[in-house]
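Hydrogens, waters and symmetry mates are skipped; everything else that's a heavy atom, side chains included, is used. Throughout, a chain's letter reflects where its sequence line sits, starting with A, and its residues are numbered from 1. Note that the coordinates shown come from a computational prediction; the quantities given were computed from them, not determined experimentally.
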Amino acid sequence: MPVHNAEIAEILYEVADLLEIEGENPFRVRAYREAARTVENHPRSLAEMAGEGEDLTRLPGIGEDLADKIREIARTGTLRQAEELRERVPPGLRGLLGVPGLGPRRVRELHRRLGVESAAELERAAREGRVRRLPGFGAKTERNILEALGRKERPQRFRLSAAEPAARALEEHLEGCGAVREAVVAGSFRRRKETVGDLDVVACSQEGRRVIEHFVAFEDIERVVSKGSTRSSVVLKNGLEADLRVVPEESFGTALLYFTGAQPHHVALRDMALKRRLKLNEYGLFRGEERVAGRTEEEVYAQLGLRYIEPELREHRGEIEAARQGSLPQLLAQEDLRGDLHSHTTATDGRSGLHEMAEAARERGYEYLAVTDHSRRLRVARGLDERRLREQMEEIDRLNEELEGITLLKGAEVDILEDGSLDLPDGVLEELDVVVCSVHHKLRLPEREQTRRVLRALENPNVNILAHPTGRLIGRREPYELDVERVMEAARERGCVLELNSNPERLDLNDAHCKLAKEMGVKIAVSTDAHSADELANIRFGVGQARRGWLEREDVVNTRPLGELRRLLRREGA
DNA sequence: GCCGTTTTCGGCCCGACTGTTTTCAGTCG
């Protein structure tokens, strides 16, 4: 059983936490965290790369030492260093780092002076008033600790789609304050990350106090965590935390840059600034006392000798190097899309009829919409058998006669059965414009079998698109065990397309896989899997994820005009 | 522990807020 990247990353994160509690050099601690981050975001299996003797030190933040440690974990599933640390640092202490207000220093003090080794022991000590007697602690800190322990609320992350309404409402509320020129939700929300932990809001205004007062009066606030003259932090009623920073106009660009992150991206920019004898902070880019940029992000990048980097790319995954060389991708835009290649109707589990779906697609400015209802295996969705599918095909032909400005493509989302065969006979698949296939059952097969199953499905010459290729549901279900790289190789050889499913619960392929697909020369379909006319609008989440995966117009098949798309779907030249 | 148009040694982002302090440490983002 190969060791997954997530497991390697977890061990590195743990080592970082334990070293930090031990009082290690913070830069060493950071090195472990950065390496963990690199590992967990890497689309290829580090264990496999290590097994094949690839040079791991080429990855950012990984040098000889950490490469050795990663190889050790890949080989043995564990790390001696981590085991030794666990001997020295009680494992419960690690959990205390998650308590708001407690950092490594305080955790260490609590352990050293009070013998606290777990959340329960901390709670007892606080109740008995022993915490407030420690130097640097006080009554208020003790009370805050008790409150935090009492809340027990996991610092949960919200799906992008769940955070979006709050983000828009907050922007609107702030712009309703007379003193605000512009308010933008930055952070991972602006980077269109699939989940967001909090909302980082930047407001442009000369009157900090007034804006802060307006901010904390927002109706959906549960409680105010902190409130200063330029900065405030609140928890919204839906549990999401929102942090506001108010900056003057001349600093708006640098503040936006700072709060959009991601942190490693911004740290790298600061580093570049230092090398040019400049100083970058949220107030501006300075040479000595002189502000040389700050009003817009564009001018800051320009001063650093970089092309403008779109927020979705700011993850420190090579975008700075690309910006320096002028080789940044021209990212996919929603307007580039000419149609949607995965949708359902009332014939199966959709909630809108053919006509309604067609109209909605036309209103979006699309040229085509593929109707891809489920196949018979999916009983809960009343999947179509050959007879019902043929009826639908005839109906689509009739409808296409009367529709103007939009073409419905005849399709199906065919289940891949356990042995890799398809759930509808080849005879009818041959007559469809587009065949989407996907795994809906037997999700827990071992990797070898699951991979073999999918590869066999792609061998069917009628198949065009593999839908939601890893089957994950964000926050609810892990991806199934699948060798994605092998699937991509097969897709490339056979002229198959992989889907980026825009359903905000799926976003599958993920960003890293999209980037890998691009590098491997595999084409992507950005589709919604809409189950109603309204859900066609979910495409914005898919586009965001595609952009995070560096995808350009040419990488995405549904940017093609209909004629070209049809040629592509015939898998000619494959 | 990483990294190199200032460096193979000596840097490594930096400012706001809170709470516990009479001048600052710790935490957070």
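- Ionic pairing of A:K140 and A:E147 is not present here: no N-O contact between side-chain nitrogen and carboxylate oxygen is shorter than 4.0 angstrom.
- With sequence neighbours excluded, no residue satisfies salt bridge (Lys or Arg N to Asp or Glu O under 4.0 Å) with A:E478.
- If you check residues 196-218 of chain A against DNA chain B, the residues with a heavy atom closer than 4.0 Å are A:D200, listed by number.
- Rounded to the nearest Å, the gap between the C1' atom of B:dT8 and that of B:dC3 is 9 Å.
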Close N or O pairs between protein and nucleotides 24-26 of chain B (under 3.5 Å):
residue : atom : partner : partner atom : Å
B:dG26  : OP1  : A:R105  : NH2          : 3.0

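- Residue pairs meeting the ring-ring contact (aromatic ring centres under 6.0 Å, His included) criterion with at least one partner in residues 22-73 of chain A, sequence neighbours excluded, do not occur; the list is empty.
- Comparing the C1' positions of B:dT7 and B:dC12 gives an interatomic distance of 13 Å, to the nearest angstrom.
- For residues 226-271 of chain A, every residue pair satisfying the ring-ring contact (aromatic ring centres under 6.0 Å, His included) rule, not counting sequence neighbours, is listed here: A:Y258-A:H266.
- At B:dT21, none of the side-chain N or O atoms of A:K140 fall inside 4.0 Å of OP1 or OP2 (strictly under the cut-off).
- The residues A:R30 and A:E34 are annotated as salt-bridged, a charged nitrogen and a carboxylate oxygen being separated by less than 4.0 angstrom.
- Screening residues 173-183 of chain A for salt bridge (charged side-chain N to carboxylate O under 4.0 Å, His left out) gives A:R181-A:E249 as the qualifying pairs, with residues at least two apart or on separate chains.
- Under the salt bridge (Lys or Arg N to Asp or Glu O under 4.0 Å) rule, A:R472 has a single partner from A:E481, A:E505, A:E194, which is A:E194.
- In summary, the side chains of A:T195 and A:R159 do not present any donor paired with an acceptor at a separation below 3.5 Å, with no hydrogens or angles considered.
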Contact state string [nucleotides 3-10 of chain B, B base, S sugar-phosphate only, - no protein heavy atom under 4.0 Å]: S--B----

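- Taking a 4.0 Å limit (strictly below) on heavy-atom distances, residues 15-38 of chain A reaches DNA chain B at A:N25, A:F27, A:R28, A:R30, A:A31, A:Y32.
- B:dT21 and B:dG26 have their P atoms separated by 12 Å, given to the nearest Å.
- Here A:N281 reaches the OP1 or OP2 of B:dG15: one of its side-chain N or O atoms lies under 4.0 Å away.
- Contacts between residues 254-266 of chain A and DNA chain B, counted as heavy-atom distances below 4.0 Å, involve A:Y258, A:Q263.
- A donor-acceptor contact closer than 3.5 angstrom is absent between the side chains of A:S502 and A:N538.
- Taking 4.0 angstrom as the limit, A:K227 places none of its side-chain polar atoms (N or O) nearer than this to OP1 or OP2 of B:dA16.
- Side-chain N/O atoms of A:Y283 and A:E250 include no donor and acceptor closer than 3.5 Å.
- By the 4.5 Å heavy-atom criterion applied to side chains, A:L244 and A:V211 are counted as neighbours.
- Base-pair partner of B:dT18: B:dA25 (Watson-Crick or G-U wobble, both distances under 3.5 Å).
- Using a 4.0 Å cut-off, some side-chain N or O of A:N144 falls inside it from OP1 or OP2 of B:dG19.
- Taking A:T78 as the reference, A:E83 meet the side-chain hydrogen bond (donor to acceptor under 3.5 Å, both in side chains) condition, with sequence neighbours excluded.
- When the C1' atom is compared between B:dT20 and B:dT27, the two are found 14 Å apart, to the nearest whole Å.
- Cation-pi check for A:K518 over A:W550 is not met; the charged atom does not lie both under 6.0 angstrom from the ring centroid and within 45 degrees of its normal.
- Within the structure, a side-chain polar atom (N or O) of A:T230 is placed less than 4.0 Å from OP1 or OP2 of B:dC17.
- A salt bridge is absent between A:D511 and A:R547: the closest approach of a Lys/Arg side-chain nitrogen to an acidic carboxylate oxygen does not fall below 4.0 angstrom.
- At the heavy-atom level, A:S233 lies nowhere under 4.0 Å from the strands shown.
- In summary, A:E72 and A:K69 do not engage in a salt bridge, as defined by a charged side-chain N under 4.0 Å from a carboxylate O.
- Both A:Y283 and A:V99 lie near DNA chain B, and the one whose nearest nucleotide falls closer to the 5' end is A:Y283.
- Looking at which nucleotide of DNA chain B each of A:E282 and A:E142 is closest to, the 5′-most match is held by A:E282.
- To the nearest whole angstrom, the two C1' atoms, one in B:dT6 and one in B:dG11, are 11 Å apart.
- Going from atom OH of A:Y13 over to atom C1' of B:dG1 covers 16 Å, rounded to whole Å.
- Residue pairs meeting the ring-ring contact (aromatic ring centres under 6.0 Å, His included) criterion with at least one member in residues 288-325 of chain A, sequence neighbours excluded: A:Y301-A:Y308.
- Listed by first then second residue, pairs satisfying ring-ring contact (aromatic ring centres under 6.0 Å, His included) with a partner in residues 192-251 of chain A read A:H173-A:H214, A:H173-A:F218, not counting sequence neighbours.
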